[in-house]
Amino acid sequence: MNGLFADDSDPAENTETLVHKPLADRLRPANLSEIVGQDHLVGESGTISRMTAAGKLSSMILWGPPGTGKTSIARLLADHSDLHYISISAVFSGVADLKKVFAQAEQRQIDGKATLLFVDEIHRFNRSQQDSFLPYVEKGTVVLIGATTENPSFELNAALLSRTQVLILNRLDSDALDLLLQKAEALENTSLPITADAREALIASADGDGRFLLNQAETLISLNIRNPMGPGDLAKLLHRRMAVYDKDRDGHYNLISALHKAMRGSDPQAALYYLARMLVAGEQPLYVLRRIVRFASEDIGMADPQALVQALAAKDAYDFLGSPEGELAIVQACLYCATAPKSNAAYKAQKAAWKSARKTGSLVPPQIILNAPTSLMKDIGYGEGYSYDHETDNGFSGDNYWPEEMQPEQFYNPVDRGFEHKIRERLTYWSKLRDNKSG
């Protein structure tokens, strides 16, 4: 029976050895098509499937939450492409380890064998360590597969990113997680000793992490429980609060939607009620905080810039205090957002600006605002005619900052509420100054 996770051991192991291995390791897949929850990558028309079908495996960064199959994909790619597989962790490896790996890979290349180097937690390598990969990736000495749970744009060097393809792994949804439980039950030839409601709560508690779910399932199976447990007993046994979800599995999304809309509708009482419903049911507080932070930008924005500050402060307070003390900070952020003046002007401005940027391609800014750090740039006119706004009478030059091939557009239209009322007055004032200059 196959599943999600792989390790570096020899697959030709006897049954006795396998029995003593963790359930997650015993449920490792035999081929890419058995990876669950990542059809966009390993499905029939997935990115990785197309690579393997074409016989052209390129270096890549696998970015996704824990327990979604990053290690398994790397090992199976090595098996499929007949590459020598080396796995290291950036947590435990340093410069000396990397030099040894690269030296072995070079010798292997001379002998006619390519190397697939899997680096777990690659974001933990510093900038100079990341740079050490570049010549070996460029020469094809190694096919690099890096795994990270962090945003590669912020954690990895631009030079390394330019030589790799970033592939995003999704958190496992309920169907994928339930499939893992079914595989575990089939492998162990038993059913989990829990009710249907408890099964949904168990899946919800995994938060998309397949390995975590299988570890919980292994604990349940090992206890030889006679009578099926409900959500309450399951929570006590696993020492983890279980979220309560309805049988249609809509409770999670219904409640977060209700919270969002109650805050948008400026109803602090209803917002607090739905917040309480989620936290009492066992929802992850950081999940709720992420929605409140998003709300502060999307539905309040510049009408009250302090809303975002409050939301982020609540996140920091919760990180510092934990539950239950830190939950009061979440309440404070929720009430602040619900009672703040509302505006989605920044949200609409972002969408309009992004649309314009995609449409206009790579138009060059006007020369007057281009930086001229060298004599050559100055000679060809970079920065010539630029007005330093602080030296003008009104602190406003009224220059045109748009590309010559493009007419000025208006993305941001502040509403007449909260702080945006002041911003609106300011923009109107600057617009008049600009009109007077052009007139």
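The first residue in the sequence is number 1, and the count goes up from there. Just so we're clear, the structure is a prediction, and the values are computed from it rather than from any experiment.
- By the 6.0 Å contact criterion, NZ on Lys113 is enclosed, its count of non-hydrogen atoms from other residues, nucleotides or ligands being greater than 12.
- Few gaps surround OH on Tyr401; more than 12 heavy atoms of other groups in view lie less than 6.0 Å from it.
- Side chains of Asp197 and Thr195: a donor-acceptor N/O pair is absent below 3.5 angstrom, by distance only.
- A side chain to side chain contact (heavy atoms under 4.5 Å, CB included) with Leu62 is found for exactly one of Thr164, Ile145, Thr71, Asp120, namely Ile145.
- With no hydrogens or angles considered, no side-chain donor-acceptor pair links Gln109 and Tyr136 at under 3.5 Å.
- Residue Tyr274 qualifies as open at atom OH: its count of foreign heavy atoms under 6.0 Å is 12 or below.
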Audit row: Arg294, Glu298, salt bridge (charged side-chain N to carboxylate O under 4.0 Å, His left out) steps and yes/no: CA-CA 6 Å; Arg294 168 69 184 189; Glu298 178 181 338; 2.9 Å; yes
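- Relative orientation of the Phe125 and Phe133 rings is tilted, given thresholds of 30° and 60° on the angle between their planes.
- A donor-acceptor pair under 3.5 Å is formed between the side chain of Gln129 and the backbone N or O of Asn126.
- No side-chain donor-acceptor contact under 3.5 Å links Tyr287 and Arg291.
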Derivation and outcome, salt bridge (charged side-chain N to carboxylate O under 4.0 Å, His left out), residues Glu188 and Arg26: CA-CA 10 Å; Glu188 298 292 333; Arg26 286 184 280 135; 2.7 Å; yes
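- Between Glu155 and Arg124 there is no salt bridge, since none of the side-chain N atoms of the basic residue sits less than 4.0 Å from a carboxylate O of the acidic one.
- The closest side-chain donor-acceptor pair between Gln182 and Asp178 falls under 3.5 angstrom.
- Side-chain contact, Thr141 with Glu106: no donor N or O sits under 3.5 Å from an acceptor N or O.
- At most 12 non-hydrogen atoms from other residues, nucleotides or ligands lie less than 6.0 angstrom from CD of Glu44.
- No side-chain donor from either of Tyr347 and Asp299 sits under 3.5 Å from a side-chain acceptor of the other.
- Counting heavy-atom neighbours within 6.0 Å of Glu138 CD, excluding the residue itself, gives a total above 12.
- A donor-acceptor contact under 3.5 angstrom links the side chains of Gln107 and Asp111, judged on distance only.
- Side-chain contact check for His421 and Arg417: no donor-acceptor pair (N or O, by modelled atom type) lies under 3.5 Å.
- More than 12 heavy atoms of other residues, nucleotides or ligands lie within 6.0 Å of NZ in Lys139, so this atom counts as buried by the packing criterion.
- Residues Ser191 and Glu185 bring no donor and acceptor atom of their side chains to less than 3.5 Å of each other.
- Without hydrogens or angle criteria, Lys422 side chain to Gly418 main chain gives no donor-acceptor distance under 3.5 Å.
- In this structure, His260 and Phe295 have perpendicular ring planes: the angle between them is above 60°, well past the 30° mark.
- In this structure, Asn189 places its CG atom where only 12 or fewer heavy-atom neighbours from other residues, nucleotides or ligands lie under 6.0 Å away.
- Between Arg424 and Asp416, none of the side-chain N atoms (NZ, or NE/NH1/NH2) sits under 4.0 Å from a carboxylate O, so this pair counts as no salt bridge.
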